[in-house]
Amino acid sequence: MNNRQAYIVGTGHFVPSRILTNADLERMVDTSDEWITTRSGIKERHISEPSQATSDLSIEAARNAMDAAGWKPEDVQAVIVGTVTPDFVFPCTAAIIANSLGMPNIPCYDFEAGCTGFVYGLIQARALIVSETVDRILVIGGETLTRITNWKDRSSCVLFGDGAGAVAVSSQGPGGLLGGWHWGADGSFGSLLCQKAGGTREPLTHEGLDEGRNTIYMEGGEIFKNAVRAMRDSALFALEKEGITRADVDLLISHQANVRIIDATARALGLPSEKVFVNINKFGNTSSASIPIALDEVVRGGLVKPGMNIVLAAFGAGLTWGGMVLRWK
Amino acid sequence: MSLENRVTEIIVNKLGVKAEEVTPEAHFVTDLGADSLDQVELMMDFEDAFDLKISDEEAGKLQTVGAVIDFLKAKGISV
């Protein structure tokens, strides 16, 4: 066993400029700002233009992370992207991003772990660095969820937004050391949160399109319960693996799906609200992009100081879950 | 502590209502001001407190305090 470690040495995010407010949604479906705010904490979300796909958002996020890290394109040795809304089923979004950023011939792949995508990505990046497979890797969570949102479903269409976040991960610190982690999945709950049509199980047909079977389907109540417990357990297992306790946590950054889920998770972990980061009010649920966007806001906002312990916790379609401790050095 | 008192305590803690409002007839939504997510969180608190699973289908029928107490008794829970 070598002593190699992996560090986040740059963060970045990008969201499309167009904003959809709750007032805008009141004019589109039968809803209200009060209903949306009390049930989700969301006030507005960013929406991609028709010309903007997931790679377009991710390229800008990656540029920002590389600038923060002081990396040139030739420094990057791999690009991995967690997304449920890739530009295409194939080729992979990661290769499109790398090509645009001038990084020929390096390994690139996408992976799909729902809203847990970014945490899964960090766990992979850590493994690739510790195993001496790469020295510097870009990990991206990017989504254009509004492309697969059912705008006729008043309970779900208010929840989602578009955006991308990226981190530069290096074998050389200082930065956010990728510490203890936990990840898992339970496919028996797969039907609770899914896109029913458009895959090989149910190819998209004219009828399926008319019925919106290519859009996000979610059973909110059951998801809520599983989300809170899985994020609590992921955080606790990650802390245990790192050898620290919840008392050592300075900041929780959980997947931003719903402020009520975030609050319930924080309560389950016994963390006071001042140790819980929330930005869902501005972005809605951006799936795998939510944690890297939040992390970038925290870093650029000067909230991260050396010595801090940040715990990440995520949960998503699959069902999947994951957590990781970041020890800022 | 009786089952009724334990259930009342959980509801008071979650919804911030007064104990005297938590009568058997009290409806979570119309009388106690719960929304759909409050109800989910209440069911989670009952699951944790009494160490049982409440399915979504079962939870859908538990709209009043009395219905919850009857449900728990039927599951063999006394305290």
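Chain letters run A, B, ... following the sequence lines, proteins first, then strands; residues in each count from 1.
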Item to check | From CA spacing to verdict: side-chain contact (heavy atoms from CB on, under 4.5 Å), L37(B), T38(A) | outcome: CA-CA 10 Å; L37(B) 295 180; T38(A) 56; over 6 Å; no

Item to check | Check: M44(B) main-chain N/O paired with R229(A) side-chain donor or acceptor under 3.5 Å | outcome: yes

Item to check | Residue among E47(B), M43(B), Q39(B) with most heavy-atom pairs under 4.5 Å to chain A | outcome: E47(B)

Checklist entry - Could you walk me through whether R260(A) and D35(B) pass the side-chain contact (heavy atoms from CB on, under 4.5 Å) check? => result CA-CA 12 Å; R260(A) 303 272 290 269; D35(B) 69 16; 2.8 Å; yes

Checklist entry - Hey, is CG on D210(A) packed in by over 12 heavy atoms from elsewhere, all under 6.0 Å? => result yes

Checklist outcome for this item: Of all heavy-atom pairs linking I54(B) and K225(A), the shortest is O-NZ, 2.8 Å

Checklist entry - Does CD belonging to E57(B) count more than 12 external heavy atoms closer than 6.0 Å? => result no

